[in-house]
Amino acid sequence: MVQATSRKLQATSIEIILVACSFRLVACSSYLCTMNKKVRVRFAPSPTGGLHLGGVRTVLFNYLFAKKHGGDFILRIEDTDQTRFVPGAEEYIFQTLEWCGLIPDESPKHGGPHAPYRQSERKAMYMQYAEQLVQAGYAYYAFDTPEELEAMRNDFKTAENPSPQYNQFIREKMRNSLTLGEEEVTRLISEGMPFVIRIKMPAGETVSFTDMIRGEVSFQTDQVDDKVLLKADGMPTYHLAVVVDDYLMKISHAFRGEEWLPSAPVHILLWKYLGWENEMPEWAHLPLILKPDGNGKLSKRDGDRLGFPVFAMDWTDPKTNETTIGFRERGFLPEAFVNLLAMLGWNDGTDQEIFTITELIEKFSMDRVHKGGAKFDYEKAKWYNHEWIKQSDATKLAPFVQQILAANNIDVTDSNILHHVIDLVKERCTLLSDFTAQSRFFFQSPTQIDIDAIKPKWDEKKNLFFTELIRAYELSTLWEASDLEKEFKELAAANQLKPGELMLPFRIMLVGGKFGPGVFDIAALIGKIETVARIKHTLGLLS
RNA sequence: GCCCGGUUCGUCUAUCGGCUAGGACAUCUCCCUUUCACGGAGGAAAGACGGGUUCGAUUCCCGUACCGGGUACCA
């Protein structure tokens with residue numbers, strides 16, 4: 001009996017081991033095999049201007065993945081191109097992340113154990129790795145001037161090969177440490193001849209890796225050129241910097257745009273040549289966000305051309321002083337912006353489209369990220385914002401609305417009234433900026449009265465009705481919307497008029513035009529004095 | 001040119017070999033509302049093409065086409 005039980009137990013434990021093993025196998029075929037490794041992701045923008053939709057989406061996917069797996073999200077500034085430095089761009093990136101609520105755990109601003117997080121400040125570190133590669137024969141010095149490179153491209157340009165590369169064949173014909181001989185190289189360097197360090201791409205090899213989104217991707221090394229690793233000014237290029245920093249910062253998963261896919265073999269080889277192959281992060285190349293109307297990556301210009309924002313927030317170019325509109329200033333709620341970005345290339349497999357950031361973190365998974373690029377649809381973007389405005393309560397909306405109203409010279413003193421107004425009008429506001437037109441009349445008498453909408457059907461009977469309505473309302477002791485409606489309708493009946501014919505004129509008197517929530521709600525909220533005054537005013541215009 | 005990636009309604013997408021191909025935005029019709037919205041009901045609208053594999057392909061494989069990305073001492 002005891003034996004039987006223990007055998008049974010044994011069987012069960014074997015089963016458990018089997019299950020565990022198969023789980024392990026499955027897990028190891030995917031990025032989950034780094035479960036034992038702390039998840040650390042990074043977003044590494046170059047501070048050259050406003051942060052684009054696609055950039056923020058890359059941030060978002062990084063952030064969601066990190067938070068989902070209890071990991072860290074690092075912001076690293078890739079400012080290795082000093083010629084492209086734009087003042088204010090870095091601060092703009094921080095403000096954008098803050099507005100979106102995607103706060104890094106480590107960054108130049110927040111600090112962290114791997115500081116500095118600005119590549120320009122890490123300059124000294126890169127040289128040794130480049131030298132290490134040269135010593136090991138994986139890289140070489142190249143002394144070719146920009147003019148010589150230009151000449152090479154011209155000389156070797158043919159119809160079949162319009163853009164010749166500095167590759168395994170061409171390098172034999174150029175001035176570098178592979179062709180020059182050791183003495184000459186030492187001499188040139190000691191004389192202060194500017195040089196770059198290039199990777200020596202091997203001949204006839206295949207470089208493969210498993211992309212988290214695309215699966216296995218392979219490249220022939222013969223097709224890849226000898227990319228510059230270290231520039232003449234001593235700064236690394238992206239290729240070297242991304243590998244060195246991802247290694248030093250212990251990045252576990254590297255997400256970036258699809259435009260980086262062709263240079264992936266260079267990076268893979270670098271990880272290998274530097275001896276860090278086992279530490280290499282999992283790669284994921286995110287699909288691009290495309291122009292709505294045709295071909296190519298979405299750019300700032302498309303927004304200008306088609307009339308929608310592309311940057312997260314307003315960006316003023318310090319050189320031209322030109323401002324490009326951002327989603328924030330256009331009237332988007334940060335939650336809506338994040339939500340719509342998440343849905344560009346990802347979904348949770350259900351019909352749900354509205355997600356809070358908490359839900360996104362909970363439900364996000366890389367294997368539901370799309371391979372194909374997505375055309376940006378501004379109409380759909382607005383729909384997300386509208387949904388968010390509708391489902392947000394007045395308390396949440398109030399600060400945004402108050403600020404917008406203030407910017408439009410509408411003073412709000414009573415927050416109760418503001419909340420009430422927001423509840424009344426929010427369903428007709430697609431953008432936060434719509435609150436101005438939709439609620440101005442609650443706080444100010446309309447300056448423009450659409451009198452033409454009343455005139456055609458205006459007659460003495462109606463004139464009399466409104467004169468009586470003034471009296472009735474003046475005497476009224478109750479001032480709820482339902483009371484006002486009741487009085488209005490009773491008076492209409494007494495005058496043998498249909499209330500419907502009178503409601504439009506009444507609305508125009510209060511609002512100025514054919515829009516807005518229920519008239520009696522408006523009258524109730526603006527109060528007796530204001531209601532009566534507005535009726536009188538329009539009556540004056542009609543006589 | 002070469003290399004890499006992608007391809008389901010106009011747009012974003014679901015589908016992990018069984019499909020009368022589902023949802024959302026936009027669009028159209030109607031209802032609600034004597035404003036504008038919101039809301040509700042409905043309509044039109046898709047698997048680039050050609051070969052395989054299979055009892056059966058949108059789904060798997062190959063080719064073609066098309067689209068995109070890359071081809072810098074830019075990222």
Side-chain angles (χ1 to χ4, degrees), chain A residues 44-48 78-81 83-84 142 144-146 149-150 153 157-167 194-198 211 213-214 217-220 222-225 227-233 235-239 241-242 256-265 285 287-288 290-297 340 343-354 367-368 370-384 386 390 425-430 434 438 450 453 498-504 506-508 511 513-519:
Chain A
S46 68
T48 51
E78 305 235 345
D79 55 350
T80 53
D81 186 354
T83 62
R84 293 213 305 167
D144 317 280
T145 63
L149 291 172
E150 172 86 39
R153 290 194 188 100
K157 184 153 68 175
T158 59
E160 295 77 40
N161 184 10
S163 34
Q165 295 184 312
Y166 201 118
N167 61 15
F195 65 90
V196 301
I197 293 180
R198 286 180 181 270
D211 187 277
I213 296 169
R214 288 150 216 284
V217 186
S218 300
F219 299 85
Q220 299 306 315
D222 295 327
Q223 303 292 341
V224 185
D225 61 335
K227 289 263 182 277
V228 170
L229 265 21
L230 199 78
K231 300 187 250 189
D233 65 0
M235 276 288 198
T237 58
Y238 172 83
H239 306 294
V242 73
R256 67 207 328 188
E258 193 186 345
E259 69 268 28
W260 289 107
L261 204 42
S263 50
H285 291 89
L288 266 16
L290 279 7
K291 301 177 197 291
D293 61 341
N295 314 310
K297 275 200 284 192
L340 73 91
M343 302 310 285
L344 238 35
W346 176 85
N347 69 82
D348 76 337
T350 72
D351 288 340
Q352 185 176 347
E353 293 191 273
I354 302 300
D367 40 55
R368 293 206 65 88
H370 252 253
K371 292 186 179 79
K375 286 185 183 170
F376 180 66
D377 182 355
Y378 185 54
E379 291 306 314
K380 184 84 186 227
K382 285 194 293 189
W383 175 80
Y384 279 105
H386 194 16
K390 279 189 292 177
V425 306
K426 67 181 184 186
E427 67 197 23
R428 51 209 92 205
C429 296
T430 299
D434 293 334
Q438 289 297 338
D450 184 6
K498 286 182 193 157
E501 293 175 51
L502 300 162
M503 279 168 60
L504 184 68
F506 189 33
R507 162 176 304 282
I508 306 249
V511 176
K514 290 194 269 188
F515 62 96
V519 262

Check: Considering only side-chain heavy atoms of A:Met503, which listed nucleotide, B:U34, B:C4, B:G1, is closest?
Finding: B:U34

Next item on the list: Write down the partner of B:G47 under the Watson-Crick or G-U wobble criteria, each distance required to be under 3.5 Å.
Entry: none

Margin query: Please determine whether a side-chain nitrogen of the Lys or Arg among A:Arg153 and A:Glu150 lies less than 4.0 Å from a carboxylate oxygen of the Asp or Glu.
Written below: no

Checklist line | Partner nucleotide of B:U71 by Watson-Crick or wobble geometry (both distances under 3.5 Å) | finding: B:G1

Notebook entry, point to check: Taking the C1' atom of each, how far is B:C25 from B:C9, in whole Å?
Noted result: 12 Å

Item checked: A:Thr430 OG1 to A:Tyr384 OH distance, which is reported to the nearest 0.5 Å -> 15.0 Å

Next item on the list: Using a 4.0 Å heavy-atom cut-off across all strands, classify A:Thr48 as base, sugar-phosphate, or nothing.
Entry: nothing

Next item on the list: Output yes when a side-chain donor or acceptor of A:Arg368 lies under 3.5 Å from a complementary backbone atom of A:Asn347, and no otherwise.
Entry: yes

Note to self: The criterion is salt bridge (Lys or Arg N to Asp or Glu O under 4.0 Å); which residues satisfy it with A:Lys297, sequence neighbours excluded?
What the structure shows: none

Notebook entry, point to check: Using a cut-off of 4.0 Å on non-hydrogen atoms, how would the nucleic acid contact of A:Arg214 be classed: base, sugar-phosphate, or nothing?
Noted result: sugar-phosphate

Pairs: protein N or O with nucleotides 36-38 of chain B N or O, under 3.5 Å:
from  : atom 1 : to       : atom 2 : distance (Å)
B:C36 : O4'    : A:Lys514 : O      : 3.2
B:C36 : O2     : A:Arg428 : NH1    : 2.1
B:C36 : N3     : A:Arg428 : NH1    : 2.4
B:A37 : O2'    : A:Glu427 : O      : 2.9
B:A37 : N3     : A:Glu427 : OE2    : 3.0
B:C38 : O3'    : A:Lys390 : NZ     : 3.2

Checklist line | Any side-chain heavy-atom pair of A:Trp383 and A:Glu353 under 4.5 Å | finding: yes

Check: Do other residues, nucleotides or ligands put more than 12 heavy atoms under 6.0 Å from A:Lys371 NZ?
Finding: no

Please write out the pairs of protein N or O atoms and N or O atoms of nucleotides 71-75 of chain B separated by less than 3.5 Å, giving the distance to one decimal.
from  : atom 1 : to       : atom 2 : distance (Å)
B:U71 : O2'    : A:Gln165 : NE2    : 2.7
B:U71 : O2     : A:Ser163 : OG     : 3.4
B:C73 : OP2    : A:Arg198 : NH2    : 3.3
B:C73 : O2     : A:Ala232 : N      : 2.8
B:C73 : N4     : A:Asp144 : O      : 3.0
B:C74 : OP2    : A:Lys231 : NZ     : 3.0
B:C74 : O2'    : A:Asp81  : OD2    : 3.2
B:C74 : O2'    : A:Arg84  : NE     : 3.1
B:C74 : O2'    : A:Arg84  : NH2    : 3.0
B:A75 : OP1    : A:Thr80  : OG1    : 2.7
B:A75 : OP1    : A:Lys231 : NZ     : 2.8
B:A75 : OP2    : A:Tyr238 : N      : 3.4
B:A75 : O4'    : A:Arg84  : NH2    : 3.4
B:A75 : O3'    : A:Glu78  : OE1    : 3.3
B:A75 : O2'    : A:Ser46  : OG     : 3.2

Checklist line | Assigned partner base of B:U35, Watson-Crick or wobble definition, under 3.5 Å | finding: none

Margin query: Can you tell me if A:Lys514 has over 12 outside heavy atoms packed within less than 6.0 Å of its NZ?
Written below: no

Margin query: Within the 4.0 Å heavy-atom criterion, would you say A:Val224 contacts the bases, only the backbone, or no part of the nucleic acid?
Written below: nothing

Next item on the list: Check side-chain hydrogen bond (donor to acceptor under 3.5 Å, both in side chains) between A:Trp260 and all other residues, then give those that pass, not counting sequence neighbours.
Entry: none

Next item on the list: Searching all strands shown, indicate the nucleotide that pairs with B:G56 (Watson-Crick or G-U wobble; both distances under 3.5 Å).
Entry: none

Notebook entry, point to check: With A:Asp377, which residues qualify under side-chain hydrogen bond (donor to acceptor under 3.5 Å, both in side chains), at least two apart?
Noted result: none

Check: Where is the tightest heavy-atom contact between A:Val224 and A:Asn167, given as atom of each residue plus distance?
Finding: O-CB, 4.4 Å

Check: Taking the nucleotide of RNA chain B with the closest heavy atom to each, which residue, A:Leu288 or A:Phe219, is nearer the 5' end?
Finding: A:Phe219

N/O to N/O distances under 3.5 Å, protein versus nucleotides 11-16 of chain B:
from  : atom 1 : to       : atom 2 : distance (Å)
B:C12 : OP1    : A:Lys375 : N      : 3.0
B:U13 : OP1    : A:Gly345 : N      : 3.2
B:U13 : O3'    : A:Asn347 : ND2    : 3.0
B:U13 : O3'    : A:His370 : NE2    : 3.0
B:A14 : OP1    : A:Asn347 : ND2    : 3.1
B:A14 : OP1    : A:His370 : NE2    : 3.2
B:A14 : OP2    : A:His370 : NE2    : 3.0
B:A14 : O3'    : A:Arg368 : NH2    : 3.4
B:U15 : OP1    : A:Arg368 : NH1    : 3.3
B:U15 : OP1    : A:Arg368 : NH2    : 3.2

Next item on the list: Report yes or no: is the cationic atom of A:Arg198 (NZ for Lys, CZ for Arg) under 6.0 Å from the centre of the six-membered ring of A:Tyr166, at an angle within 45° of the ring normal?
Entry: yes

